[in-house]
Amino acid sequence: MNPWLLWSALSHTARLSTALQILLFLPLTLATLSTQAFLLLSLLLSIHSLIHGTLILLWGSNALSIMQVPMHPFLLLVTFNAFSQSAQPWLATAVYWWGKLLTFCGPSYVAMEGLSSLLFAQKAGQIGRGIADEAESYQFVILIATAAAFVAAAWWVVVAYPTAATSPLSSTLLGVALTAFLFLVLIGFRLRRTNVVEASLLALFLAYNVWLCGFDQTSFSDPASSYAPLLSNILPHLQTLVNFITNTLPKPVLVALLYRLSILQVASRILPTIGADNWESDQGEIDGRPTSIMTRILLTYRQLIFVMVYSHLLLLDPSSQVWWRWANIMFTLFLWAVELVVSPDGDDDSAKWKID
């Protein structure tokens with residue numbers, strides 16, 4: 001077997017193992033110990049991820065992905081040992097301020113998700129416009145796909161409505177969001193500052209957030225009440241652990257985490273392409289552009305972002321998650337409205353990135 005293929009397989013397996021360990025260990029600690037223990041593990045994982053990312057930035061070897069695999073079980077054992085009895089005062093103070101930091105960073109996570117979603121929709125609209133210009137048959141396919149996306153978004157909102165609009169305030173917010181979206185679509189089409197691909201993707205984004213606002217919180221049980229302490233008989237304990245994994249992992253959190261990390265990853269790939277031609281003509285160097293540097297930093301420290309975003313989502317109770325979703329919807333619509341207002345007209349050459 002090719003040594004490079006073997007090494008690549010080991011490296012990817014180690015990355016997958018790392019992600020699965022983080023996905024399991026954080027809610028496991030929150031369920032079996034306490035919020036303080038959960039915050040300590042989150043802090044330790046974040047420090048480790050920061051060191052790991054810095055080593056990748058300086059060294060860049062794939063061996064780091066394999067070497068870090070044993071660290072997460074070790075940090076879990078450290079956390080369990082630290083809270084096996086009364087925690088030290090300095091430790092309680094550290095985890096308290098770490099929890100405050102995660103809470104204060106909440107608005108930035110929402111802003112990054114909304115901005116990344118808008119950026120992705122606009123990039124997809126640009127690509128769709130370029131494909132449609134190649135042949136009329138492509139235009140027909142794009143129109144069918146975008147029409148299907150609009151129908152799917154409308155169906156998604158209708159299905160989610162009974163659980164998402166459970167109070168007069170949530171019903172009002174849903175009405176405001178849908179009305180604002182329709183007005184922005186009409187304004188964008190009238191000014192030729194948007195297209196059907198961009199609008200359909202934003203419709204799906206709106207429907208996705210409305211669905212999360214009404215996610216059935218009773219579809220999974222309370223982790224703290226379903227996980228039993230370690231028993232002398234290992235078989236019942238393993239059965240309980242399997243039950244924890246399959247039934248008590250917070251599904252809305254996992255869905256939100258997957259989308260947020262995925263859209264940030266896509267947006268980090270799009271950023272270097274913005275204004276590339278102008279920068280090349282002025283500087284003659286792509287890698288030195290600010291967006292390229294930002295992308296490299298985001299990708300290098302993506303494990304740290306993963307831990308912090310996941311920890312913040314786990315700390316939120318269901319009602320808080322709902323209000324952050326509404327904030328995300330309104331913020332993204334506001335960004336889109338500002339972008340439609342400040343963008344040049346569709347006939348302007350500077351608007352070709354989006355319209356032509």
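Side-chain atoms are counted along with the backbone in the values below, which use heavy atoms only and exclude waters and symmetry mates.
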* Pairs satisfying salt bridge (charged side-chain N to carboxylate O under 4.0 Å, His left out), at least one member in residues 105-114, at least two apart -> Glu113-Arg260, Glu113-Arg325
* To do: Can you measure from OG1 (Thr35) to CG (Leu40) and round to the nearest 0.5 angstrom?
  => 12.5 Å
* **Residues which pass side-chain contact (heavy atoms from CB on, under 4.5 Å) with Ser17, listed by chain and number, not counting sequence neighbours** => Gln21, Val69
* To do: Enter the distance from Gln122:CD to Trp336:CH2 here, rounded to the nearest 0.5 Å.
  => 9.0 Å
* To do: Flag yes if Tyr310 and Leu101 sit in one hydrophobic cluster, no otherwise; membership is Ile, Leu, Val, Met, Phe, Trp, Tyr, and two members link when side-chain heavy atoms are under 4.5 Å apart.
  => yes
* Structure fact -> Sorted by chain and residue number, the side chain to side chain donor-acceptor pair (under 3.5 Å) partners of Tyr301 (sequence neighbours excluded) come out as Thr54
* For residues 136-158, pull every pair meeting ring-ring contact (aromatic ring centres under 6.0 Å, His included), keeping only residues two or more places apart or in separate chains. => Trp156-Trp211
* Asked: Stepwise, does the side-chain contact (heavy atoms from CB on, under 4.5 Å) test hold for Leu315 with Phe38?
  -> CA-CA 9 Å; Leu315 282 176; Phe38 161 79; 3.5 Å; yes
* What side-chain hydrogen bond (donor to acceptor under 3.5 Å, both in side chains) pairs are there with at least one residue in residues 168-189, not counting sequence neighbours? -> Ser167-Ser170
* To do: Verify the neighbour count for atom CZ of Phe189: are there more than 12 heavy atoms of other residues, nucleotides or ligands below 6.0 Å?
  => yes
* **Linked, directly or transitively: Trp323 and Leu174 (ILVMFWY side chains, under 4.5 Å)** => yes
* To do: Report yes if some heavy atom in the side chain of Arg129 is under 4.5 Å from a heavy atom in the side chain of Gln126; otherwise report no.
  => no
* Results of side-chain contact (heavy atoms from CB on, under 4.5 Å) for Gln88 - residues two or more places apart only -> Trp90, Leu91
* Structure fact -> For Tyr96, the other hydrophobic cluster members (4.5 Å side-chain criterion, sorted by chain and number) are Trp97
* **Exercise: identify the closest heavy-atom pair between Ser65 and His52** => N-CE1, 4.1 Å
* To do: Determine the minimum heavy-atom distance between Ala177 and Leu206, stating which atoms define it.
  => CB-CD1, 4.1 Å
* Structure fact -> Heavy-atom closest pair (Thr79 atom, Leu33 atom, distance to 0.1 Å) is O-CD1, 4.4 Å
* Set of residues satisfying side chain to side chain donor-acceptor pair (under 3.5 Å) with respect to Ser200, sequence neighbours excluded -> none
* To do: Give, for atom CD of Gln321 and atom CG of Leu314, the distance between the pair rounded to the nearest 0.5 Å.
  => 8.5 Å
* Asked: Are any non-hydrogen side-chain atoms of Ser311 and Leu26 less than 4.5 angstrom apart?
  -> yes
* Structure fact -> Between Leu264 and Ser116, the two heavy atoms sitting closest are CD2-OG, 3.3 Å
* Test item: Leu191 and Leu340 side chains (from C-beta on) under 4.5 Å apart, heavy atoms -> no
* Structure fact -> Heavy atoms of Val307 and Ser46 approach each other most closely as CG1-OG, 3.4 Å
* Quick one: do Ile51 and Leu76 end up in the same hydrophobic cluster if we chain Ile, Leu, Val, Met, Phe, Trp and Tyr together by side-chain heavy atoms under 4.5 Å apart? -> yes
* Hydrophobic cluster identity match, Val185 and Val176, side-chain contacts under 4.5 Å -> yes
* Roughly how far apart are Glu134 CD and Gln139 CD, rounded to 0.5 Å? -> 10.5 Å
* To do: Could you grab the distance from atom CD1 of Ile329 to atom CG of Asn209, nearest 0.5 Å is fine?
  => 4.5 Å
* **Minimal non-hydrogen separation, Leu333 against Ala180, with atom names** => CD1-CB, 4.2 Å
* Asked: Quick one: do Met71 and Leu57 end up in the same hydrophobic cluster if we chain Ile, Leu, Val, Met, Phe, Trp and Tyr together by side-chain heavy atoms under 4.5 Å apart?
  -> yes
* Listed by chain and number, what are the ring-ring contact (aromatic ring centres under 6.0 Å, His included) partners of Trp98, not counting sequence neighbours? -> none
* Heavy atoms, side chains only, cut-off 4.5 Å: are Leu39 and Leu102 in contact? -> yes
* Measure the spacing between CD1 of Ile142 and CD1 of Ile144 and express it to the nearest 0.5 Å. => 11.5 Å
* **Any residue meeting ring-ring contact (aromatic ring centres under 6.0 Å, His included) with Tyr208, in chain and number order, not counting sequence neighbours** => Tyr259
* Excluding sequence neighbours, so at least two apart, what forms side chain to side chain donor-acceptor pair (under 3.5 Å) with Ser49? -> Gln303
* Could you tell me if the ring centre of His72 sits under 6.0 Å from that of Phe25? => no
* **Residue list, ring-ring contact (aromatic ring centres under 6.0 Å, His included) with Phe120, at least two apart or on another chain** => none
* To do: Quick one: do Leu41 and Phe80 satisfy side-chain contact (heavy atoms from CB on, under 4.5 Å)? Show the steps, please.
  => CA-CA 9 Å; Leu41 180 60; Phe80 271 67; over 6 Å; no
